[in-house]
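Keep in mind that this is a model prediction, so the values were computed, not measured. Note: hydrogens, waters and symmetry copies are ignored here, and every other heavy atom, side chains too, is used.
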Amino acid sequence: MAPKHSWIGLIVLLVVCFAAAGLGSVATTPSIPTWYATLAKPSWNPPNWIFGPVWTALYICMAVAAWLVWRQGGLQRARTPLALFAVQLALNAAWSWLFFGFHMPGAAFLEILVLLAAIAATTIAFWRRSKAAGILMLPYLAWVAFASALNFAIWRLNA
């Protein structure tokens with residue numbers, strides 16, 4: 001694969017990841033100062049300002065990981081890992097709509113468990129193609145595991 005085309009692939013994957021982020025933020029942003037601000041949260045809830053930088057770094061890592069897998073043989077050879085990637089990305093955006101858009105923390109908790117499983121499957125599939133890609137997915141896996149616990153705590157505190 002020509003280096004020029006390789007970089008185009010990275011740009012496309014960055015755009016795809018940040019498009020998913022943007023779709024989620026449409027539901028998230030309006031709810032933070034209103035609905036989310038009224039919820040009881042556990043003492044270990046991070047401050048709101050931390051989420052933007054963390055998610056930005058995670059989306060970049062996810063895009064680079066997918067790019068590393070794609071670079072090793074294109075779409076045809078990496079069809080299954082990239083399909084898993086697409087599924088987890090769709091679930092990622094859907095969680096924002098369930099939790100923030102529809103104000104359904106219980107449903108969002110069930111969905112985030114599916115998301116967590118999809119991220120784990122993607123991480124394993126990526127690791128098999130590129131150790132670096134698998135490593136780049138680990139912070140995302142850890143953050144969503146933490147977010148799952150946070151989602152559960154918020155749901156229970158506000159039941």
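With values rounded to the nearest 0.5 angstrom, L13 atom CG is found 12.0 Å from R71 atom CZ. With rounding to the nearest 0.5 angstrom, the OG atom of S130 is 7.5 Å from the CG atom of L136. Interatomic distance, CG of L84 versus OG1 of T122, reported as 4.5 Å (0.5 Å rounding). Atom CZ of residue R129 and atom CG of residue L82 lie 8.5 Å apart, to the nearest 0.5 angstrom. Between W67 atom CH2 and I11 atom CD1 the span is 10.0 Å, to the nearest 0.5 Å. Atoms OH and NZ, from Y36 and K41 in turn, are 5.0 Å apart once rounded to the nearest 0.5 Å.
Hydrophobic clustering, with ILVMFWY side chains joined whenever heavy atoms are under 4.5 angstrom apart, groups W7 together with V12. Residue I124 is not grouped with residue F85 when hydrophobic side chains (ILVMFWY) are merged at heavy-atom distances under 4.5 angstrom, including chains of intermediate members.
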Please report, to 0.1 Å, the donor-acceptor pairs under 3.5 Å made by any side chain of residues 144-159, with sequence neighbours excluded.
residue : atom : partner : partner atom : Å
S148    : OG   : V144    : O            : 2.7
N151    : OD1  : W95     : NE1          : 2.8
N151    : OD1  : F109    : N            : 3.3
N151    : ND2  : P105    : O            : 3.0
N158    : OD1  : A40     : N            : 2.9
N158    : ND2  : A40     : O            : 2.8
N158    : ND2  : I154    : O            : 2.7

Donor-acceptor contacts, no H, no angles, side chain residues 46-62, under 3.5 Å, sequence neighbours left out:
residue : atom : partner : partner atom : Å
T56     : OG1  : G52     : O            : 2.8
Y59     : OH   : N92     : OD1          : 2.8

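When all heavy atoms are compared, the tightest approach of G22 to S25 is O-OG, 2.9 Å. Of all heavy-atom pairs spanning L89 and C17, the tightest one is CD2-CA, 4.2 Å.
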Passes ring pair (Phe, Tyr, Trp, His ring centres under 6.0 Å), F126 versus W70? Steps please.
CA-CA 10 Å; F126 276 20; W70 169 77; over 10 Å; no
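The side-chain contact (heavy atoms from CB on, under 4.5 Å) search around L138 returns T123, W127, L141, not counting sequence neighbours. Applying the side-chain contact (heavy atoms from CB on, under 4.5 Å) criterion to T28, with sequence neighbours excluded, gives I32, S96, F100.
Side-chain contacts under 4.5 Å among hydrophobic residues (ILVMFWY), followed directly or transitively, place W97 together with L23, V26, L98, F102, M104.
L110 has its side chain out of reach of V114: every pair of non-hydrogen atoms, C-beta onward, lies at least 4.5 Å apart.
Listed for the Q72 side chain is no donor-acceptor partner under 3.5 Å among the backbone atoms of V69.
Each side chain to side chain donor-acceptor pair (under 3.5 Å) pair with one or both residues in residues 107-117, not counting sequence neighbours, would appear here, but there are none.
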